[in-house]
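The next block holds one structure in the form of structure tokens; read it before the comments.
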Amino acid sequence: MTVLSSDQFPSCHVFKSCLPFLFVALLFQFQTGFSALIMSLKNHPGHPQHRRPMFQTNQSTCALFVGTWVRDDSYPLYQYSNCPIIDAEFNCQLYGRPDSDYLKYRWKPLNCVLPRFDGLVFLSKMRGKNVMFVGDSLGRNQWESLICMISASTPKMQTQIIRGDPLSTFRFLEYGLSISFYRAPYLVDIDVVQGTRILKLEGIDENGNAWRMADVLVFNTGHWWTHKGSLQGWDLIESGGKYYKDMDRLVAMEKGLRTWSNWVDTYVDRTRTRVFFQSISPTHYDPIEWGTGATATVTKNCYGETAPMTGTTYPGTYPDQMRVVDEVIREMHVPTYLLDITMLSELRKDGHPSIYSGDLSPTQRANPDRTADCSHWCLPGLPDTWNQLFYTVLFY
């Protein structure tokens, strides 16, 4: 690195009891490497208040994040035409995606059955509350999904939306429920000094002040830590009072997450606020990762993929960033629930916008090898499952 200068509960009556299969499910999950589920089952060392594992109460009978995708023609849970909040970059059906089978899959954990999402239940239980998603565009993907899922149950309810940067808020007025998205791709602060963007690995006060009053916080970060060139979101990194042109990206991410975890431990009132961290959302830019069939010889990314992977494991690379996430969350004082959506999302190579994004021009759509979006997710689509799991952990 070059130094320049110094100056983030399924109940027994809802889930089918399958204790004989628990050990097998957990053993399998360990074998996937850097398993966030196993990490969350472990007690946090050195912190007496964590006598119970993070995967608590009746959820211990269900490995929520280990399972398979099964076809279910009752899906999707809403139609894009009935949810105008969906951004153009996620609105695949509106922008010409010709297939729709990708909308017909339901996540099935190995040893239990998830409760079906009910928007009225969400509204009733969260009356008067403030739910906030904090992170990058994957958090915005999930934020819009949740609003669409709730709205499908209450199509005539009076609502209000205020879009801004970094904060956007959607309100279900009758229930006094606010669901917000706060854009903070790194979670830590970025200052702009004379046109220079400085990523402050030990600075979070500017962002954190906006999160303090939330009743539920759902954090995510990951993709922006790897961006380089024109996609890089900073010009300099500040750490320990020094400025760097660059540094090992995993090291930088860990430093940033330590700052975030310290903020949560210091400022979050555990009697009032529940904290979740969404694990790394995978990308699908290399067909070699999921097979060497005809599709892989025709395209260089997720373009043309119309079905999920079968089975319970993804043959490609598991994100190195998950090791960092696991380590940081295990050492936190405030209970922080890891929504480990990485593996189940890796199986959904079919769920990305690809070229069916309103952000692409006709010329760009004609060149999927270079322009397909294999990072974000179509809506309706995979983020709906993230929110079904969020709903399950939040209420059961």
Enclosure of [X] [atom1] (heavy-atom neighbours >12, cutoff 6.0 Å):
{"X": "R272", "atom1": "CZ", "answer": "yes"}
{"X": "Q160", "atom1": "CD", "answer": "yes"}
{"X": "K104", "atom1": "NZ", "answer": "yes"}

Establish, for the pair R348 and W69, whether the NZ or CZ atom is under 6.0 angstrom from the six-membered ring centre and no further than 45 degrees off its axis.
->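 Checked: cation-pi criterion met.
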Check whether NZ of the Lys or CZ of the Arg R365 lies under 6.0 Å from the centre of the six-membered ring of Y303 and within 45 degrees of that ring's axis.
-> no
Given K349, R97, K300, the one that forms salt bridge (charged side-chain N to carboxylate O under 4.0 Å, His left out) with E305 | K349
Would you please name every residue forming a salt bridge (charged side-chain N to carboxylate O under 4.0 Å, His left out) with [X], sequence neighbours left out?
{"X": "D286", "answer": "none"}
{"X": "E289", "answer": "none"}
{"X": "R197", "answer": "D235"}

Using the ring of each side chain (for Trp, its six-membered ring), is W263 parallel, tilted or perpendicular to Y267, with breaks at 30° and 60°?
->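 Geometry flag for Y267 against W263: tilted rings.
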Under 3.5 Å, side chain of S168 to main-chain N/O of R163, donor-acceptor pair present?
-> no
Checking [Y] against [X]: is there a side-chain donor and acceptor pair closer than 3.5 Å?
{"X": "S178", "Y": "N130", "result": "no"}
{"X": "T385", "Y": "R106", "result": "no"}
{"X": "N387", "Y": "S145", "result": "yes"}
{"X": "T221", "Y": "W225", "result": "yes"}

Do the side chains of Y314 and V70 join up, straight or via other hydrophobic residues, at under 4.5 Å, putting them in one cluster?
-> no
Show the numbers, then the answer: is there a salt bridge (Lys or Arg N to Asp or Glu O under 4.0 Å) between E174 and R127?
-> CA-CA 9 Å; E174 181 180 334; R127 183 186 293 272; 5.9 Å; no
Taking only residues at least two apart or on different chains, which pairs with a member in residues 70-99 satisfy ring pair (Phe, Tyr, Trp, His ring centres under 6.0 Å)?
-> F90-H376
Taken in chain and number order and not counting sequence neighbours, the residues that satisfy side-chain hydrogen bond (donor to acceptor under 3.5 Å, both in side chains) with E327 are none
Between W211 and F219, is the gap from one ring center to the other below 6.0 Å?
-> yes
Exercise answer: donor-acceptor pairs, residues 179-187 side-chain atoms, under 3.5 Å, sequence neighbours excluded:
| unit_1 | atom_1 | unit_2 | atom_2 | d |
| --- | --- | --- | --- | --- |
| S180 | OG | T169 | OG1 | 2.9 |
| Y182 | OH | N207 | OD1 | 3.1 |
| Y186 | OH | W224 | O | 3.4 |
| Y186 | OH | G233 | N | 3.3 |

When rounded to the nearest 0.5 angstrom, what is the spacing between CG in D215 and CE in M126?
->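 Answer for the CG-CE pair, D215 versus M126, is 6.0 Å.
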